[in-house]
Amino acid sequence: MKMRLSNNVKLNLKIEEPKDDHIIAPMLLLPFLENSFKHGISSQKECEITIRLEVMGETLFFETRNQIFPVHSDSPEAKENGIGMVNTQRRLALLYPEKHRLKFGKDESNNEYWVNLTINLA
């Protein structure tokens, strides 16, 4: 995805190499990443996306941050239901019951959307 971005997009990518081998469910983080790029990029304005992944001991920390740009009412994105986050929350509840914490929301003061996910991998 990084290769497809224009010069208007600043991508802050911080991925720490884990010291131990840990396994998480396949494609679990993908909906969060897709949403960052889908909603956080403008073709006309400068924008910034931050993605952070770190494993400390038995705990995975994942964060995304992106600016919010209004969706044009005629675009295909405006007609979507947004079930990706709901499905991801269900997957987390099934795969990591009582072992995860997911928080997400809008920071209106910075016009930014954020996601914080913590998973106990023990």
Side-chain angles (χ1 to χ4, degrees):
M1 189 63 188
K2 190 174 184 179
M3 293 172 50
R4 297 176 58 193
L5 300 176
S6 72
N7 291 335
N8 286 346
V9 182
K10 180 179 178 186
L11 180 60
N12 299 318
L13 188 60
K14 182 180 178 186
I15 299 176
E16 298 283 330
E17 289 289 326
K19 293 166 185 58
D20 299 316
D21 289 335
H22 293 287
I23 298 173
I24 65 168
M27 312 286 266
L28 185 67
L29 305 177
L30 191 59
F32 303 119
L33 297 169
E34 288 176 337
N35 283 349
S36 292
F37 289 100
K38 178 179 173 182
H39 300 292
I41 293 179
S42 169
S43 60
Q44 291 129 8
K45 297 180 183 177
E46 288 192 9
C47 48
E48 186 172 348
I49 295 174
T50 300
I51 299 167
R52 185 175 72 93
L53 178 67
E54 183 176 0
V55 177
M56 295 177 70
E58 299 291 321
T59 305
L60 177 135
F61 299 97
F62 176 72
E63 175 185 34
T64 65
R65 292 188 166 277
N66 60 271
Q67 291 165 280
I68 302 169
F69 294 100
V71 177
H72 191 276
S73 60
D74 293 336
S75 72
E77 289 86 5
K79 296 165 182 56
E80 291 183 5
N81 294 342
I83 61 169
M85 287 295 278
V86 173
N87 286 341
T88 302
Q89 287 176 296
R90 286 182 188 152
R91 280 189 76 201
L92 283 165
L94 290 170
L95 296 170
Y96 301 100
E98 307 297 321
K99 289 188 164 195
H100 77 282
R101 184 178 55 105
L102 175 64
K103 293 185 175 185
F104 54 89
K106 293 180 183 179
D107 179 352
E108 300 291 343
S109 63
N110 292 326
N111 194 36
E112 189 176 66
Y113 185 81
W114 56 269
V115 172
N116 286 320
L117 174 62
T118 306
I119 301 176
N120 180 346
L121 301 171

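Counting from 1, the numbers follow the sequence of the chain as shown. Every value quoted in this text rests on a predicted model; they were computed, and no experiment measured them.
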Could you check whether any side-chain N or O of [X] sits under 3.5 Å from a backbone N or O of [Y], counting only pairs where one atom can act as donor and the other as acceptor?
{"X": "N111", "Y": "I68", "answer": "yes"}
{"X": "Q67", "Y": "E48", "answer": "yes"}
{"X": "H22", "Y": "T59", "answer": "no"}
{"X": "Y96", "Y": "A25", "answer": "yes"}
{"X": "K99", "Y": "A122", "answer": "yes"}

Write down the atom of [X], the atom of [Y], and the distance for their closest heavy-atom approach.
{"X": "K106", "Y": "Y113", "answer": "CG-CD1, 3.9 Å"}
{"X": "L121", "Y": "I23", "answer": "CD2-O, 4.3 Å"}
{"X": "L94", "Y": "P97", "answer": "O-CD, 3.6 Å"}
{"X": "S42", "Y": "C47", "answer": "N-SG, 3.6 Å"}

_Walk me through whether N8 and I41 qualify under side-chain contact (heavy atoms from CB on, under 4.5 Å)._
CA-CA 9 Å; N8 286 346; I41 293 179; over 6 Å; no
Could you state the interatomic distance from [atom1] ([X]) to [atom2] ([Y]), rounded to the nearest 0.5 Å?
{"X": "T50", "Y": "W114", "atom1": "OG1", "atom2": "CH2", "answer": "14.5 Å"}
{"X": "N66", "Y": "L11", "atom1": "CG", "atom2": "CG", "answer": "11.0 Å"}
{"X": "H39", "Y": "I49", "atom1": "NE2", "atom2": "CD1", "answer": "11.0 Å"}
{"X": "R101", "Y": "I119", "atom1": "CZ", "atom2": "CD1", "answer": "11.5 Å"}
{"X": "M27", "Y": "T88", "atom1": "CE", "atom2": "OG1", "answer": "11.0 Å"}
{"X": "L53", "Y": "K14", "atom1": "CG", "atom2": "NZ", "answer": "11.0 Å"}

_Could you go through L29 and L117, starting from their C-alpha distance and side-chain angles, then the distance that decides it, and tell me whether this counts as side-chain contact (heavy atoms from CB on, under 4.5 Å)?_
CA-CA 9 Å; L29 305 177; L117 174 62; 3.8 Å; yes
Quick one: do [X] and [Y] end up in the same hydrophobic cluster if we chain Ile, Leu, Val, Met, Phe, Trp and Tyr together by side-chain heavy atoms under 4.5 Å apart?
{"X": "L92", "Y": "I24", "answer": "yes"}
{"X": "L30", "Y": "V55", "answer": "no"}
{"X": "L102", "Y": "M56", "answer": "no"}
{"X": "V115", "Y": "L95", "answer": "yes"}

*Could you walk me through whether F62 and L28 pass side-chain contact (heavy atoms from CB on, under 4.5 Å), step by step?*
CA-CA 11 Å; F62 176 72; L28 185 67; over 6 Å; no
*Partner set under salt bridge (charged side-chain N to carboxylate O under 4.0 Å, His left out) for K45, not counting sequence neighbours*: none
*Can you sort out the partners of E58 under salt bridge (charged side-chain N to carboxylate O under 4.0 Å, His left out), two or more places apart, ordered by chain and number?*
none
